[in-house]
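In what follows, every chain begins at residue 1, and chains take the letters A, B, ... in the order their sequences are listed.
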There are 2 protein chains.
Amino acid sequence: MIILHFQLYIVILRYKIMGLTKSEIFTDEQNQLSALLKAIAHPARIAILQRIIISNTCICGDLVGELGLAQATISQHLKELKLAGIIQGTIEGVSVCYCINPKTWKLLEEQLGGFLASYKGETTCC
Amino acid sequence: MIILHFQLYIVILRYKIMGLTKSEIFTDEQNQLSALLKAIAHPARIAILQRIIISNTCICGDLVGELGLAQATISQHLKELKLAGIIQGTIEGVSVCYCINPKTWKLLEEQLGGFLASYKGETTCC
DNA sequence: TCGTTAAATTGCAATAATACTATAAATATA
DNA sequence: TATATTTATAGTATTATTGCAATTTAACGA
């Protein structure tokens with residue numbers, strides 16, 4: 001009976017973990033970089049960032065209609081980018097203006113630059 | 001009756017789309033870059049790539065044990081990196097050797113470099 | 001105050017991703 | 001041939017992501 005209980009416990013413990021990224025076994029840098037990359041790794045969010053960058057001034061929600069996505073969907077993507085710290089928004093009357101967060105952008109450039117540059121492209125053994 | 005059928009059709013059509021990224025409304029570049037980023041945007045895969053890069057020679061499955069993940073999980077991550085074209089593998093006896101695919105790495109550097117550099121960090125309006 | 005406009009949130013449905021165990025496949029060695 | 005070793009795959013469970021309609025919230029203007 002005790003063994004049965006123990007086995008059940010193990011099963012529950014195992015299935016609690018399933019489907020969840022084990023971030024605790026990786027370094028803070030690895031987790032941080034992957035979080036930033038994940039925020040950018042979507043065509044809609046890349047498109048949004050490109051729009052924000054191209055229009056020198058902040059973009060004020062003209063995104064809806066320009067991209068072929070519903071307002072709710074774009075709002076969600078913006079939220080994700082904001083949560084990752086990649087963009088920041090200011091309320092401007094009825095609308096909200098978004099622009100790049102320079103600090104996070106710089107961090108991304110540094111972290112990713114370092115990572116990409118660490119491969120020198122010398123060993124082509126396979 | 002006809003209206004009912006039509007509504008059902010619309011519902012089916014809509015729910016076919018749900019949960020699926022609408023890649024057709026984005027440019028090939030946006031889709032390609034996001035696919036590459038998605039492949040890298042996981043701490044385990046970042047760790048795997050770092051290991052491959054650090055050990056100048058190709059890595060032959062020493063990854064299992066070094067990372068705190070099960071063999072099957074690592075194999076799956078390697079598969080995803082291979083599918084994205086970021087790494088390539090050669091069968092070496094019993095084991096398999098992996099190394100960076102220089103072409104894809106260069107592509108990633110170019111695409112991502114261009115994207116990141118497009119922001120000059122001048123306009124801080126919000 | 002009431003309507004308008006813009007953005008965020010909620011709720012829902014479906015697919016994708018993550019991780020594991022167990023098993024299969026392939027190659028080397030005794 | 002039999003066994004050991006290494007990697008891949010199948011199956012399963014769970015969480016995450018994506019997208020939309022509908023609603024709510026917030027601010028402006030008549």
**Student:** Donor-acceptor pair, distance only, cut-off 3.5 Å: does the side chain of A/R45 make one with the backbone of A/A39?
**Tutor:**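 Yes: the side chain of A/R45 pairs with the backbone of A/A39.
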
**Student:** Hey, is the side chain of B/Y98 poking within less than 4.0 Å of OP1 or OP2 on D/dA8, counting only N and O atoms?
**Tutor:**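 The answer is yes; a side-chain N or O of B/Y98 sits under 4.0 Å from OP1 or OP2.
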
**Student:** So, is A/T73 near the phosphate of D/dC20, with a side-chain N or O under 4.0 Å from OP1 or OP2?
**Tutor:**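 It does, given that an N or O in the side chain of A/T73 lies less than 4.0 Å from OP1 or OP2 of D/dC20.
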
**Student:** Would you kindly give the CG-to-P distance between A/L37 and C/dA17, to the nearest whole Å?
**Tutor:** 16 Å

**Student:** Using atom CD of A/Q76 as one end and atom C1' of C/dT10 as the other, report the distance to the nearest whole Å.
**Tutor:** 10 Å

**Student:** Relative to the 5' end of DNA chain C, which residue comes earlier, A/V96 or A/S23, by the nucleotide with the nearest heavy atom?
**Tutor:**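 That would be A/V96.
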
**Student:** Which letter, B, S or -, goes with each nucleotide of nucleotides 22-30 of chain C from 5' to 3', with contact meaning a protein heavy atom under 4.0 Å?
**Tutor:** B----BS--

**Student:** Are any of A/K38's side-chain N or O atoms less than 4.0 Å away from OP1 or OP2 of D/dT17?
**Tutor:**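 The answer is yes; a side-chain N or O of A/K38 sits under 4.0 Å from OP1 or OP2.
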
**Student:** Could you state the atom-to-atom distance from CG of B/L63 to P of D/dA8 in whole Å?
**Tutor:** 11 Å

**Student:** Over 60° means perpendicular and under 30° means parallel, so tell me whether B/F26 and A/H42 are parallel, tilted or perpendicular.
**Tutor:**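 It falls in the perpendicular class, over 60°.
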
**Student:** So, does A/N101 use its side chain to make a donor-acceptor pair with the main chain of A/Q88 at under 3.5 Å?
**Tutor:**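 Not confirmed, A/N101 side chain does not pair with A/Q88 backbone.
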
**Student:** Are OP1 or OP2 of D/dA8 and a side-chain N or O of B/K82 less than 4.0 angstrom apart?
**Tutor:** yes

**Student:** With heavy atoms under 4.0 Å as the rule, sort B/S75 into base, sugar-phosphate or nothing.
**Tutor:**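 Touches a base.
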
**Student:** Check for a donor-acceptor pair, side chain of A/E110 on one end and backbone N or O of A/L107 on the other, with a separation under 3.5 Å.
**Tutor:** no

**Student:** Between B/W105 and A/L116, is there a donor-acceptor pair closer than 3.5 Å when you use the side chain of the first and the backbone of the second?
**Tutor:** yes

**Student:** For A/H77 and D/dT17, is the shortest distance between a side-chain N/O and OP1 or OP2 below 4.0 Å?
**Tutor:** no

**Student:** Which pair of heavy atoms, one from A/A47 and one from A/L67, lies closest together, and at what distance?
**Tutor:**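 Shortest heavy-atom contact: CB-CD2, 3.6 Å.
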
**Student:** Using whole Å, report how far NZ of A/K79 lies from C1' of D/dT25.
**Tutor:** 14 Å

**Student:** Between A/I40 (CD1) and D/dT18 (P), how many Å, whole number?
**Tutor:** 13 Å

**Student:** Let me know the distance between CZ of B/R45 and C1' of C/dT18, rounded to the nearest Å.
**Tutor:** 9 Å

**Student:** With A/L36 as reference, evaluate A/N31, A/L108, A/L112 under the side chain to side chain contact (heavy atoms under 4.5 Å, CB included) test and give the passing residue.
**Tutor:**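 The residue from A/N31, A/L108, A/L112 that satisfies side chain to side chain contact (heavy atoms under 4.5 Å, CB included) with A/L36 turns out to be A/L108.
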
**Student:** Without decimals, in angstroms, what is the distance between B/I48 CD1 and C/dT18 P?
**Tutor:**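 Computing the B/I48:CD1 to C/dT18:P distance gives 11 Å.
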
**Student:** Is it true that, when you exclude A/I25 itself, more than 12 heavy atoms of the residues, nucleotides or ligands shown sit nearer than 6.0 Å to its CD1?
**Tutor:**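 Yes, enclosed.
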
**Student:** Looking at D/dT7, C/dC20, D/dG19, which one has an atom nearest to any side-chain atom of B/L69?
**Tutor:** C/dC20

**Student:** Write down the distance between CG (A/L83) and P (D/dT17), rounded to a whole number of angstrom.
**Tutor:** 10 Å

**Student:** Taking for each residue the nucleotide of DNA chain D bearing the nearest heavy atom, is the 5' side occupied by A/E80 or by B/L78?
**Tutor:**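 Its nucleotide being nearer the 5' end, the pick is B/L78.
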
**Student:** Compare side-chain N and O positions of B/H42 against OP1 and OP2 of C/dA16 and report whether any pair is under 4.0 Å apart.
**Tutor:** no

